[in-house]
Amino acid sequence: MGTAAGAYDFGQIEKKWQQFWEANRTFKATDCDGSKPKYYILDMFPYPSGQGLHVGHPEGYTASDIVARYKRMKGFNVLHPFGWDAFGLPAEQHAINTGTHPEATTNANITNMRRQTKSLGFSYDWDREIATTDPEYYRWTQWIFLKLFNSYFDDAQQKARPIKELPIPEGLSEEEKRRYVEDHRLAYQADVPVNWCPELGTVLANEEVVGGVSERGGHSVIRKPMRQWMLRITKYAERLLDDLSAVDWPESIKKLQMDWIGKSVGAEVCFRIDGFDQDIWVFTTRPDTLFGATYMVMAPEHALVDIITTDGQKQAVKDYCEATARKSDLDRTDLAKDKTGVFTGAYAINPVNDERIPIWISDYVLISYGTGAIMAVPAHDDRDFEFATKFELPIVPVVEPPDPLDAEKVERGELCFTGNGTAINSGAFDGLPTPQFKEKITAWLAERGLGRKAINYKLRDWLFSRQRYWGEPFPIVHLPDGRVKGISEDELPLRLPQVRDYAPLGTGEPPLAKATDWVNVTLPDGTPARRETNTMPQWAGSCWYYLRYLDPRNADVGWAPEKEDYWMPVDLYIGGAEHAVLHLLYARFWHKFLYDLGKVHTKEPFKKLVNQGMILGEDGQKMSKSRGNVVNPDQVIADYGADSMRLYEMFMGPLEAMKPWSMQGVQGVHRFLQKTWRLMVDEESGQPLAAVQDARADEETLRLLHQTIRKVGGDIETFGFNTAISAMMILVNYLGRLDVRPRSVLEPLVLILSPFAPHLAEELWQRLGHRESLAHEPWPVYDAALAQAREIELAVQVNGKIKDRIVVPAEADEDSIKANALGNEKVVEALNGKTPKKVIVIRSRLVNIVA
RNA sequence: GCCGGAGUGGCGGAAUUGGCAGACGCGCGGGAUUCAAAAUCCCGUCCUGGCAACAGGGUGAGGGUUCGAGUCCCUCCUCCGGCACCA
């Protein structure tokens, strides 16, 4: 196999061109080149895992590489960088088990994955390679954190400002002033009930807990109050939501982000507590149902619970609160099927009708959303309905559904209606449609100081600290008096210290606490202090890496402003849909913050986003070691070559779709590349075939060529890589039948194939007599006139059924087509003497005769 | 439960967005080449009936709009993804 001198020796060819590109810096991106339009195309950088590359990675990378190579040929100055999201739990778990420094593991994994990535021939500018674990990189991650720490959010201006400019209310003590400032920083510490994972020995962000267990590893997660670093992402909720309309992203991803942010517009309403000075505020999206509020529910953690509970109910309430506190997240969701709760013994006064309503506690009300208390309207809220039914609380209908049948059921308390309708049992407001009632009652409450318009978000502040070793250290010190200070920027990077072992202490104390020499510091003024021992979560480094690529070796700033101005935003971002809310929301948040600081000039970092779908094993199942269906890219490349691998991954189906692997499919595209080779190269000599000539192509050949150029270019623009490949296959199959293969046809074919199979294309280009790489050759221009067929075959239907086909000149007008069709003998036969009622002519498509 | 997305040959998938369903590839069948095999090339391949020309049916199921529906509308089924007491 492949013994002849001129055979398609992909192994040798691919190595040769990879070395050529690297030696010649073929894909070097030139900063601030004003002579060309720029195009920034970014892949989601991978975690350097010990498993190495799997076949899912090259899918997105090949797609982006095709676009990058295509755009270069279209005359763009393309920035196409690559790097490593290198902090992460696997290297640390390995360190805990074996004592190997995670850095050593990480570097070895990067070396291996870099080799694998390079073996696919992607046109990255490798001079810009970065790793988030490099101190020269995380120096700037820490720098951004310091900026967050030293900023607050100005609600009126809806933007971040330096903490020094925070207006502090009059009359506060020094201690209160300090607290006030701490409470406004965008990076702050708080005692929060966190997702504590005993198995991993760390807390997790809400986004990292899936179905009550940890996203990584599937370990159980419990609720535990701990002092943690938080980022005030909630301040950006409105902007994160608004600016989604400005990006070209899949609607599904935008929707996921919208739902995650979860904006609700409603009102906060004040209820007096009978016999107490205190009030309870509740948040509701349905202030129009206030007259139907028959009880209240507070979260068990609510501060007022202890105060208002009557002696008789003390024990029951205490037991319930303790039981709730012990529940893990998983237990809570499991128990969600059946509502639980306890009466406090206290009553509140409904502000609209002065009714006395009982106050309950239940864990179906969350302390972390709204005010931690609700007014319950069982007739018009499913959860309240369920609770009221179980505990036999009154149900008062106040909204009449439009459907009379429903209305009757609601009236009898048999149906819970949550839609819009007409107000009933609501005093002077009766008869109002829901939307108007909402506005009226909100104004009514506001006039009396009993309520106000309010907006709530599901989005919570970002839990930003982890009790791990392998992450960015916080540039923060703790003073003996409890104050927290950021270290100065010129002390960055704050490097990770060496530690004896990497195991968490299990108490919540991070491994860094073991590095006492590092932890204990003396400040310039002589004060002893302790360094923060938590580290940042993995998402930190990926929040801004697209900016470091712009200026990756700059030792003075994270990125130079003129480079940011030239390259940003990212024009095309390709990666997996699993990052829909995590990475993409966090990165947008940091970007908006940097925008407020004037460090970036665009509101959004990623203009267009495309998700590649997952590649399944040959059995149609998700690839996994235990199933034994994992495809090894190294093996595929060894057997068929990188070009075949690239081409196959693009030929499998639509980029975004989930699709199963097929080794025979790889063979299929490999055959196509072989065929393309043999189209031009003599397998014996390696020289161009005698059939390759400087001859004129005939009309039919030119037409197919120009149609193919048009199709392939158009398909690349719309990510239809599978159909682009199919079009090239048709052209190659056609040319294979010709005895004379004009160079003027083969050369454009090689050029349009080159983004897909770059090694083969470069080799063919050279063997056709070119000295330069084709990487910057102009993309062939198609001639619309040549692509246009002279004659067109039309289907002729009678009553929608095809009877025959006719051939007409491309420019034939409707009347002549009509005459042609009606004169067709099959048509005459089918009509059987009947007169056509109507003749529909779709030029270039078909004729339909209705009889 | 709620919100998205998708159901097309034996398989992966095409179909100008309302206009010839099944491009291209895989697989399979037949043939050429070969001592033989691999590789390669040619022909066939949605289903049913027929030697064939041809006829009929066909895009998850059922209904509707239309001269015309894989594509649009309604109802239902299945699979995948997301959220899961967010008031």
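Just so you know, these numbers use all the heavy atoms, side chains as well, and skip hydrogens, waters and symmetry mates. Note that the structure is a prediction, hence the values are computed from the model and not measured. To find a chain, count down the sequence lines: A is the first, B the second, and so on, and within it residues start at 1.
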Which residues share a ring-ring contact (aromatic ring centres under 6.0 Å, His included) with A/F387, sequence neighbours left out: A/Y295, A/W360, A/Y364, A/F391
query: What nucleic acid atoms does A/T284 come within less than 4.0 Å of, heavy atoms only: base, sugar-phosphate, or nothing?
result: sugar-phosphate
statement: Between A/I849 and A/V796, the two heavy atoms sitting closest are CD1-CG1, 4.1 Å
message: Starting the side chain at C-beta, find the nucleotide from B/rG19, B/rC85, B/rC24 nearest to A/Q797.
response: B/rG19
query: For B/rG25, does the O4'-C1'-N9-C4 (purine) or O4'-C1'-N1-C2 (pyrimidine) torsion place it in syn, i.e. within 90° of 0, or in anti?
result: anti
task: With C1' as the reference atom in both, quote the distance from B/rG82 to B/rG10 in angstrom, rounded to an integer.
output: 33 Å
Under-4.0 Å side-chain N/O to phosphate OP1/OP2 contact, A/R678 with B/rA39: no
- request: Provide the distance between the two P atoms, one in B/rC42 and one in B/rC54, to the nearest whole Å.
  value: 25 Å
- request: From the options B/rC85, B/rA15, B/rA87, select the nucleotide whose nearest atom is closest to the side chain of A/V365.
  value: B/rA87
Which nucleotide in B/rC24, B/rC85, B/rA14 has an atom nearest any side-chain atom of A/N733: B/rC24
task: Please state how far atom CH2 in A/W661 lies from atom C1' in B/rC26, giving the value in whole angstrom units.
output: 14 Å
- request: Determine the contact category for A/E251: base if any of its heavy atoms lies under 4.0 Å from a base atom, sugar-phosphate if only primed atoms, P, OP1 or OP2 are that close, otherwise nothing.
  value: nothing
task: Using the C1' atom as the reference point in each nucleotide, state the distance between B/rU34 and B/rA39 in Å, no decimals.
output: 11 Å
message: Could you tell me how far B/rA69 sits from B/rC83 if I compare only their C1' atoms? Round to whole Å.
response: 34 Å
- request: Could you check whether A/K801 gets within reach of a base, just the sugar-phosphate, or nothing at all, counting any heavy atom under 4.0 Å?
  value: sugar-phosphate
message: Roughly how many Å apart are B/rU71 and B/rG7, using the P atom of each and rounding to a whole number?
response: 11 Å
- line: From CD1 of A/I374 across to P of B/rA87 the rounded distance in Å is 11 Å
- prompt: Roughly, in whole Å, what's the span from CH2 in A/W260 to P in B/rG82?
  reply: 12 Å
task: Could you please name the option among B/rG27, B/rG19, B/rC3 that lies closest to any side-chain atom of A/K255?
output: B/rC3
- request: Write down the distance between CG (A/D381) and C1' (B/rC85), rounded to a whole number of angstrom.
  value: 9 Å
- line: Of the candidates B/rA87, B/rG27, B/rC85, the side chain of A/Q664 sits closest to B/rG27
query: Among B/rC67, B/rC41, B/rA23, which is the nearest nucleotide to the side chain of A/S726?
result: B/rA23
- request: Rounded to whole angstrom, note down the P distance from B/rG68 over to B/rG19.
  value: 15 Å
Sugar-phosphate, base or nothing in reach of A/M658, heavy atoms under 4.0 Å: sugar-phosphate
- prompt: A/T324 and A/D363: side-chain donor and acceptor closer than 3.5 Å?
  reply: no
query: Would one find a side-chain N or O of A/N722 under 4.0 angstrom from OP1 or OP2 of B/rA14?
result: yes
- line: Regarding the side chain of A/I730, the nearest nucleotide among B/rG25, B/rA23, B/rA87 is B/rA23
message: Using a heavy-atom cut-off of 4.0 Å across all strands, would you classify A/K675 as base, sugar-phosphate, or nothing?
response: sugar-phosphate
- prompt: What integer distance in Å separates A/L616:CG from B/rG13:C1'?
  reply: 15 Å
query: Say you pick atom P in B/rA15 and the same atom in B/rG4; how far apart are they, in whole Å?
result: 25 Å
query: Judged by modelled atom types alone, do A/Q788 and A/R703 share a side-chain donor-acceptor pair under 3.5 Å?
result: no
query: With a distance cut-off below 6.0 Å to the six-membered ring centre and an angular limit of 45° from the axis, does A/R232 pair with A/W462 as a cation-pi contact?
result: no
task: For A/I792 and B/rG19, give me the distance from atom CD1 to atom P, rounded to whole Å.
output: 16 Å
Check: A/S264/A/N456 side-chain N/O donor and acceptor closer than 3.5 Å: no
query: Should A/K659 and A/E59 count as side-chain neighbours, where that means a heavy-atom distance under 4.5 Å?
result: yes
message: Quick check with a 6.0 Å cut-off and a 45 degree axis cone: is A/R671 positioned over the face of A/W677's six-membered ring?
response: no
- prompt: Should B/rU8 be called syn or anti, with syn set as within 90° of 0?
  reply: anti
Passing option when A/V365 is tested against A/I374, A/T371, A/V282 for side chain to side chain contact (heavy atoms under 4.5 Å, CB included): A/I374
- prompt: So what's the dot-bracket for RNA chain B: Watson-Crick or G-U pairs under 3.5 Å, [ ] if a pair crosses, | if it pairs off-strand?
  reply: (((((((..(((......[....)))((((((.......))))))((((....))))..(((((..]....))))))))))))....
task: Nearest-nucleotide wise, let me know which of A/G668 and A/N456 is further upstream toward the 5' end of RNA chain B.
output: A/G668
statement: A/Y734 atom OH is separated from B/rA23 atom C1', nearest whole Å, by 18 Å
message: Using a strict threshold of under 4.0 Å (side-chain N to carboxylate O), is an ion pair present between A/K390 and A/D338?
response: yes
query: Is the distance between the ring centroids of A/F10 and A/H670 less than 6.0 Å?
result: yes
- request: Using the P atom as the reference point in each nucleotide, state the distance between B/rG60 and B/rG9 in Å, no decimals.
  value: 8 Å
Polar side-chain contact A/K339-B/rC85 base: donor and acceptor under 3.5 Å: yes
statement: Taking for A/R286 and for A/N848 the nucleotide of RNA chain B with the nearest heavy atom, the one nearer the 5' end belongs to A/N848
statement: Taking B/rA87, B/rG13, B/rA23 as options, the one with an atom nearest any side-chain atom of A/Y369 is B/rA87
message: What contact category does A/I802 fall into here, base, sugar-phosphate, or nothing, at under 4.0 angstrom with non-hydrogen atoms?
response: sugar-phosphate
- prompt: Nearest of B/rC26, B/rC80, B/rC67 to any side-chain atom of A/R671?
  reply: B/rC26
message: Rounded to whole Å, please give me the gap between CD in A/Q674 and P in B/rC26.
response: 13 Å
- request: Report which part of the nucleic acid A/K458 touches: base, sugar-phosphate, or nothing (heavy-atom distance under 4.0 Å, all strands).
  value: base
- prompt: With respect to the side chain of A/L256, which nucleotide from B/rG12, B/rU40, B/rG82 is positioned closest?
  reply: B/rG82
